[in-house]
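Here the structure comes first, spelled out in structure tokens, and everything after it is commentary.
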Amino acid sequence: MTICDTTLLWCPIPPGIHPNWRQWERDTVAWLESFALEDEQREKKRLQAIIAGELAGRTILSCDDPPGAQFSTDSLMWLFAFDDAYCDEGRYSHDPAAMAMLVAEMGRIAETGRTVSTSPLARALAELRSRLDVLASPAQTARWVHAMKGYLGYQVWEAAFRHTGTIPTLDEYAVARIRNGSMEVCAMTLDIAEGYEVPAAEIDRPDVRALTEMACSLVGWDNDIASYYKEHERSGDRINLVDVIADQKGSTPAEALPSAIALRDAVLARYLELRDEIEPHVGSLTWRYIGGLSAWIRGNLDWSANTARYRRPDCPTVAVTSSREYATGDCPQPPGIAWWWTADPTQPAAA
């Protein structure tokens with residue numbers, strides 16, 4: 001994929017950033033140093049260049065609770081550290097057996113908040129989980145644990161494809177992208193970070209679930225485009241939306257990029273449509289949660305344009321535009337996510 005210009009991605013959601021994000025950044029750098037998280041990294045000082053505090057600030061906009069904000073920021077830092085150490089370009093990225101054993105260990109730590117491991121990542125995850133006993137209700141903790149285990153499990157899925165040198169189909173990848181990028185973990189952190197709780201009866205509504213899945217996928221696909229330069233420069237990883245479409249079409253990645261953008265635009269258009277339809281049918285706390293999902297969609301793009309993690313030496317890899325360049329009307333809907341277009345807020349949830 002040789003695209004010299006910055007890729008423009010449509011997003012009409014307005015930007016925002018919390019005024020305290022720089023303090024969150026300072027505190028999360030201190031936290032990663034306290035657990036020596038860089039000891040498991042292939043490249044020193046890379047974690048500190050991520051600016052996780054900015055990403056947190058762009059995605060939790062109305063947080064008045066410093067412990068909740070710091071939990072969210074430290075969670076992001078942990079996810080980046082785990083990804084870099086063991087996933088995409090990490091030491092177990094092509095070894096599904098080793099990855100399976102690792103994620104089983106990490107999954108149990110997420111459940112219990114306990115470990116006897118000397119691994120910095122294991123100890124840091126246990127500390128994060130222990131904070132939930134103070135910050136979150138049992139229901140919120142269960143949602144976070146479920147999302148974390150889903151994310152971890154999909155790292156084995158990715159490692160299996162890399163091990164065999166194969167690429168998933170577009171439908172397989174569309175389903176996987178809901179969870180393999182850890183965005184669902186971040187979604188389940190939104191109300192914890194801001195000190196409220198989404199009612200269980202509403203967060204499990206099919207239409208709210210559709211919005212959650214769409215937000216997770218959009219953040220993941222935008223990350224695929226923003227990180228394409230980095231992933232191919234460092235590891236040649238091909239498990240991303242652009243390469244999946246290129247493989248399915250038998251085209252080059254540059255030729256597949258418009259199709260990738262058209263798919264994400266079609267999903268974003270559906271997200272915005274369903275979001276507006278749902279407002280009269282949910283309570284204020286659920287509407288606040290949906291606002292957090294929207295902040296993630298936009299905030300991830302703005303952060304991606306700034307962070308050294310994805311920038312080329314001379315320019316950002318992505319930028320936001322207010323206009324759509326690609327038609328979405330004839331964009332195919334992968335079967336595994338096609339139900340997003342049939343979610344209807346006017347219909348009662350199944351008993």
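Numbering starts at 1 and runs along the sequence shown.
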If we count only N and O atoms by modelled type, under 3.5 Å, do the side chains of [X] and [Y] hold a donor and an acceptor together?
X    : Y    : answer
S62  : E194 : yes
Q140 : R143 : no
T115 : S117 : no

Q | Closest non-hydrogen atom pair between E25 and E54, with its separation | A |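 Closest approach of E25 to E54, heavy atoms only: OE1-N, 4.4 Å.
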Q | Minimum heavy-atom distance between L285 and Y196, given as atom pair plus value | A |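 In terms of heavy atoms, the two residues are closest at O-CE1, 3.5 Å.
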Q. Checking R264 side chain against W10 main chain: does a donor-acceptor pair fall under 3.5 Å?
A.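 Flag set: sc R264 to bb W10 pair under 3.5 Å.
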Q. Does the S217 side chain pair with the main chain of R177, one donor and one acceptor, at a distance under 3.5 Å?
A.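 Answer holds: no.
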Would you call [X] and [Y] a salt bridge, taking side-chain N to carboxylate O under 4.0 Å as the test?
X    : Y    : value
R275 : E279 : no
R298 : D222 : no
R270 : E273 : yes
E127 : R131 : yes

Using side-chain heavy atoms (C-beta onward) and a distance below 4.5 Å, is [X] in contact with [Y]?
X    : Y    : value
S294 : Y271 : yes
L241 : L170 : yes
L32  : Q41  : no
V282 : Y289 : no
L257 : T7   : yes
C186 : M183 : yes
W21  : T73  : no
Y151 : R179 : no

Q | Trace of the side-chain contact (heavy atoms from CB on, under 4.5 Å) decision for D88 with R162 | A | CA-CA 9 Å; D88 297 342; R162 295 191 189 99; 3.1 Å; yes
Q. W303 and F80: ring-ring contact (aromatic ring centres under 6.0 Å, His included), yes or no, with the steps?
A. CA-CA 14 Å; W303 169 81; F80 284 125; 5.5 Å; yes
Q) With under 30° as parallel and over 60° as perpendicular, where do the rings of F71 and W144 fit, or are they tilted in between? A)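 F71 vs W144 ring planes: tilted.
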(Q) Surrounding CG of D64 (heavy atoms of other residues, nucleotides or ligands, distance under 6.0 Å), is the total greater than 12? (A)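 For D64, atom CG is not crowded (no more than 12 foreign heavy atoms under 6.0 Å).
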Q) Do other residues, nucleotides or ligands put more than 12 heavy atoms under 6.0 Å from H146 NE2? A)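 Counting neighbours around NE2 of H146, 12 or fewer heavy atoms of other residues, nucleotides or ligands fall under 6.0 Å, so no.
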Q: Decide yes or no on salt bridge (charged side-chain N to carboxylate O under 4.0 Å, His left out) for E184 and R209, but give the supporting numbers first.
A: CA-CA 11 Å; E184 189 176 39; R209 184 65 211 169; 2.5 Å; yes
**Q.** Verdict with reasoning, D74 to T28, per side-chain hydrogen bond (donor to acceptor under 3.5 Å, both in side chains)
**A.** CA-CA 5 Å; D74 294 348; T28 203; 2.7 Å; yes
Q: State which residues pass side chain to side chain contact (heavy atoms under 4.5 Å, CB included) with E172; sequence neighbours excluded, sorted by chain then number.
A: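 Partners of E172 by the side chain to side chain contact (heavy atoms under 4.5 Å, CB included) criterion, ordered by chain and then number, come out as W157, F161, P168, T169.
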Q: Please lay out, stage by stage, how Y173 and D224 fare under the test side-chain hydrogen bond (donor to acceptor under 3.5 Å, both in side chains).
A: CA-CA 12 Å; Y173 187 69; D224 286 347; 2.7 Å; yes
Q: Give me the one residue out of M106, E40, M77 that meets side-chain contact (heavy atoms from CB on, under 4.5 Å) with F82.
A: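 Answer after filtering M106, E40, M77: M106.
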